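The structure appears right after this line, and notes come after that.
Keep in mind it's a predicted model, so treat the numbers as computed, not measured. Computation of the quantities below employed the complete heavy-atom set of this structure, encompassing side-chain atoms and omitting hydrogens, waters and symmetry-equivalent molecules.
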Amino acid sequence: MDITRLLDAALRKAAAVWVRPEGHPPRLVWALWRDGAVWLATGPAEQEVPGLAGATSAVLTVRSPSTHSHLVDVPVTVEEVEPDEAVAAALATTRLNRPSLSAPPAWTRVHRLAPTP
């Protein structure tokens with residue numbers, strides 16, 4: 001099975017994944033699966049992922065949506081991006097630690113993690 005299809009099936013409703021930048025331990029983070037990539041918002045008022053800023057690669061660990069056990073480890077390329085309006089709105093909607101639905105996003109960085117071909 002193609003890794004993008006596998007991730008699409010596993011992450012369609014998932015809100016959390018493990019991210020391990022090189023040289024750092026894995027970190028459980030909330031994320032958004034969209035357009036064939038995982039999008040992470042980070043910052044002091046959001047979530048921190050040591051080693052992600054400036055990283056070019058990492059490993060993404062995904063759980064099975066049915067058994068919640070380990071499904072796959074996927075090498076990903078990491079890119080810090082400025083999200084377009086649609087991605088920013090989707091990230092704001094999926095934030096798990098927002099103080100209220102009307103609170104503005106407090107991230108300082110957005111990272112796009114794409115499966116390595």
> Looking only at heavy atoms, what is the nearest atom pair of Pro115 and Gly36, with distance?
Replying inline: CD-O, 3.4 Å
> What pair of heavy atoms forms the shortest contact from Ala58 to Pro21, and how long is it?
Replying inline: CB-CA, 3.8 Å
>> For His24 versus Arg20, what's the shortest heavy-atom pair and its separation?
In response: O-CG, 3.0 Å
> Under 3.5 Å, side chain of Gln47 to main-chain N/O of Ala41, donor-acceptor pair present?
Replying inline: yes
> Does any non-hydrogen side-chain atom of Val38 lie less than 4.5 Å from one of Leu60?
Replying inline: yes
> Residues two or more places apart in sequence or in another chain: which of them pass side-chain contact (heavy atoms from CB on, under 4.5 Å) with Ala88?
Replying inline: Pro83, Trp107
>> Which residues pass the side-chain contact (heavy atoms from CB on, under 4.5 Å) test with Thr108, not counting sequence neighbours?
In response: Pro44
> Could you state the interatomic distance from CG (Leu113) to CG (Leu32), rounded to the nearest 0.5 Å?
Replying inline: 11.5 Å
> With sequence neighbours excluded, what pairs up with Ala55 under the side-chain contact (heavy atoms from CB on, under 4.5 Å) test?
Replying inline: none
>> According to a hydrophobic-cluster definition based on side-chain heavy atoms being under 4.5 Å apart (Ile, Leu, Val, Met, Phe, Trp, Tyr only), do Leu28 and Leu52 belong together?
In response: no
> Under the salt bridge (Lys or Arg N to Asp or Glu O under 4.0 Å) test, which residues partner Asp73, sequence neighbours left out?
Replying inline: none
> If you take all heavy atoms of Ala37 and Ala114, which pair is closest and at what distance?
Replying inline: CB-CA, 4.2 Å
> What are the two closest heavy atoms between Thr116 and Thr77, and how far apart are they?
Replying inline: OG1-N, 3.6 Å
> Under the salt bridge (Lys or Arg N to Asp or Glu O under 4.0 Å) test, which residues partner Glu80, sequence neighbours left out?
Replying inline: Arg109
>> For a 4.5 angstrom cut-off between non-hydrogen side-chain atoms, does Trp39 reach Val81?
In response: yes
> Under 4.5 Å between any side-chain heavy atoms of Leu6 and Val62, yes or no?
Replying inline: no
> Do any pairs count as a salt bridge (charged side-chain N to carboxylate O under 4.0 Å, His left out) and have a residue in residues 22-38, sequence neighbours left out, and if so which ones?
Replying inline: none
>> To the nearest 0.5 Å, what is the distance between CH2 on Trp30 and CD on Glu46?
In response: 5.5 Å
>> According to a hydrophobic-cluster definition based on side-chain heavy atoms being under 4.5 Å apart (Ile, Leu, Val, Met, Phe, Trp, Tyr only), do Val17 and Val72 belong together?
In response: yes
